[in-house]
Amino acid sequence: MTKNLLLSAAALGVLAFAGSAAAGQITSASISNQPLAVAADGTVTPYAVASEVVFPSGGLSVDAATTSVTTELTSNVSLGGGSSLTLIVSYDLTGNAQFGSINFADLEAYDDTATLVPISSGAASLSNGGKTATFIVSYNLATATEIESFTLDNIDLDVLGTGDVSIASSVRMVVGATETTLDTTSAQKLVTFKSAFVAPTAQAGTAVAALPSFVNFEVKGVPGAAFYATPTNVFSEALNLTLATGVFSNLQAGALSLDAMIDTATVTVTGKQVQAFDAEFGNIVVDADGEIELEGATELALLTSGRLDLQADGTTPIEAGTYRVQVEFKPETGFQNLPTYDIALANIELAGTNFIAPWFALNNGTANSTLRLANNGSTTLGPVVISLKANNGSAAPTGTYTIEEIEGGKFVSVTGTVLKNAFGTNAANGDLLVTIHSDDADVSAKVRTTQSTGQIYENSLGRSSQTLVD
């Protein structure tokens, strides 16, 4: 419920010695005709200028005619008919900014029906290097009324450098030679500087090279899906690099676009078989260095809509790996320090057979395990890739271990010591994922663990006959 301060002659004497001031809040604000969002608690979402703008030597100025701030008092100030009152209303800027000028007519008071409360007389001045605007206003009304809010219109705001700019206000009552603070509003940001770019949101999808010879892809999804694969192509999600809404090139709502900020964009595709796949981005074939250069509004739009396209030729074996795009910009005049991006768009895996060896001992001082893989068929199989999954190490593993092939009727053993070194881990134990990339996967797997006491335990992981893993 809104409280009222009834300012009769007697009440004025009491208020002159009242306790601490109440806290009002900003209820609306606008800069250069751009309304700023204000939360219920008075928190303001500031006007944003792109941090990539080369800050002009003369600073930035708002369109004063469409820049304003309204503050609502915690307690309405009620004026009885025939009473007089003098208030001092001050606005203080923080940050690298100042008021360019101020006029007494720029301050308006309103009652709770949004009706203007006429000011009998007053004056306005600037101080503190232009950071403080002070209004001395006097009221002498025949009819009882009340003041609920103040609006400062036509704010001539000059921003002289980058960094946040905030505004706070206070209302003081003057009785004789005594000033009493009636209301204050905490500093709220009006202007901020932030990047105009929104990082690409594309997520890396996974495609699988198909058995038996890994020269085509397994079908995944349907054409037009965010990420999909056909036997001959893998299409990533669209890169989806965009500009943020509500970020401007200046303080007068100057619009931004990719074309306005970027002279050229270089997109580099990286991965094991970029050239073998005739990689394209946005339907443009990359050059021998895996690059394409985008220029002009039409091509730069591919930073939002462009997909990575990997094309299998049907004869070259596909290798497992990750394909990424790196994006670098040459800025247009007036812009600087544009961001760079490195985004994974596609993971390629090989179809195969999986075994899990749970809580394998990696030569931990108490125990050391050995993995034994036997090829029970007559055809050479491989490669076999062993990776460390869940583990008790303090950091993620940095590598894998590969057995290039296992001849038919033969077996291969690898110890926890060898695997620990290959993984680049300090883990004592962890789950192993054993993936056999081969058409013929008639394999049995066993783990033998030797304790420091000499006691030996064996655990069979079973036998598999070409169970494909997507």
Side-chain angles (χ1 to χ4, degrees), residues 203-209 211 214 234 268-277 290 308 310 316-326 342-375 380-407 410-438 441 443 445-450 459 461 464 467-470:
Q203 299 293 311
T206 299
V208 178
L211 292 166
F214 304 118
V234 172
T268 304
V269 180
T270 62
K272 285 186 176 180
Q273 294 176 290
V274 172
Q275 300 304 322
F277 280 152
L308 177 64
L310 305 176
T316 304
I318 298 167
E319 299 179 33
T322 297
Y323 289 81
R324 311 178 68 89
V325 294
Q326 299 167 349
D342 186 344
I343 306 295
L345 289 184
N347 298 311
I348 306 299
E349 296 181 354
L350 306 183
T353 301
N354 271 358
F355 287 94
I356 297 290
W359 218 233
F360 191 90
L362 296 165
N363 191 19
N364 58 27
T366 302
N368 192 21
S369 296
T370 298
L371 174 68
R372 175 185 179 275
L373 299 172
N375 180 358
T380 298
L381 59 80
V384 180
V385 179
I386 305 170
S387 55
L388 180 63
K389 298 302 182 181
N391 65 85
N392 58 6
S394 60
T398 58
T400 60
Y401 183 82
T402 299
I403 302 168
E404 294 299 336
E405 61 180 31
I406 305 175
E407 296 180 11
K410 304 291 185 178
F411 70 87
V412 172
S413 297
V414 59
T415 67
T417 301
V418 172
L419 291 175
K420 185 171 188 173
N421 291 333
F423 296 150
T425 182
N426 61 1
N429 297 82
D431 291 358
L432 303 186
L433 174 63
V434 182
T435 303
I436 302 168
H437 301 297
S438 184
V443 178
K446 179 182 290 188
V447 172
R448 172 178 288 188
T449 301
T450 303
N459 180 28
L461 304 181
S464 179
T467 301
L468 301 185
V469 178
D470 292 338

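What you see below is based on every heavy atom in this structure, not just the backbone, and it leaves out hydrogens, waters and symmetry mates.
With a 4.5 Å cut-off on side-chain heavy atoms, Leu371 and Leu461 count as touching. Using a 4.5 Å heavy-atom cutoff, the side chains of Gln326 and Asp342 are in contact. Residues Phe355 and Ile386 fail the side-chain proximity criterion, which asks for heavy atoms closer than 4.5 Å. Two residues are said to be in side-chain contact when any heavy atoms from C-beta on lie closer than 4.5 Å; Val412 and Val384 fail this criterion. With contacts defined as side-chain heavy-atom distances shorter than 4.5 Å, the pair Val447/Pro358 does not qualify.
Enclosure of atom CZ in Arg372 by more than 12 non-hydrogen atoms of other residues, nucleotides or ligands within 6.0 angstrom is indicated. Counting heavy atoms of neighbouring residues, nucleotides and ligands inside a 6.0 Å radius, atom CD of Gln275 exceeds 12 of them.
A donor-acceptor contact shorter than 3.5 Å links the side chain of Tyr323 to the backbone of Gln273. Side-chain atoms of Asp431 never come within 3.5 Å of backbone atoms of Lys389 as a donor-acceptor pair (strictly under, hydrogens ignored). Listed for the Asn368 side chain is a donor-acceptor partner under 3.5 Å among the backbone atoms of Asn363. Under the 3.5 Å distance criterion, the side-chain polar atoms of Asn391 are left unmatched by any main-chain donor or acceptor of Asn429.
Between Val234 and Ala207, the shortest heavy-atom contact is CG2-CB, 3.6 Å. Leu350 approaches Phe214 most closely through the heavy-atom pair CB-CE2, 3.8 Å. The heavy-atom pair separating Gly393 from Asn426 by the smallest distance is CA-OD1, 3.4 Å. In this structure, Gly416 and Leu362 approach most closely via the heavy-atom pair O-CD2, 3.8 Å. The minimum heavy-atom distance linking Leu373 with Ala445 is given by the pair CD2-CB, 3.6 Å. Here the closest heavy-atom approach between residue Thr402 and residue Pro383 is recorded as CG2-CB, 4.1 Å.
Note that the CG atom of Leu345 and the CG atom of Leu308 stand 5.5 Å from one another [nearest 0.5 Å]. One distance of note links NZ of Lys420 with CG of Asn364; it measures 7.0 Å at 0.5 Å rounding. Taking CG from Asn354 and OG1 from Thr435, the interatomic distance works out to 3.5 Å, rounded to the nearest 0.5 Å. Once rounded to the nearest 0.5 Å, the distance linking OG1 of Thr370 with NZ of Lys446 reads 12.0 Å. The NZ atom of Lys272 sits 11.0 Å away from the CD1 atom of Ile348 when rounded to the nearest 0.5 Å. How far OG1 of Thr353 is from CD1 of Ile436: 5.5 Å, rounded to the nearest 0.5 Å.
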Decide side-chain contact (heavy atoms from CB on, under 4.5 Å) for Tyr401 and Val434; before the verdict, give the C-alpha distance in whole Å, the side-chain angles of both, and the deciding distance to 0.1 Å.
CA-CA 10 Å; Tyr401 183 82; Val434 182; over 6 Å; no
Would you please test Phe277 and Thr316 for side-chain contact (heavy atoms from CB on, under 4.5 Å) and show each step?
CA-CA 9 Å; Phe277 280 152; Thr316 304; over 6 Å; no
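By the side-chain hydrogen bond (donor to acceptor under 3.5 Å, both in side chains) test, Ser387 pairs with no residue at all, sequence neighbours left out. Ala344 meets the side chain to side chain contact (heavy atoms under 4.5 Å, CB included) test with Ala204, Thr322, Arg324; sequence neighbours excluded.
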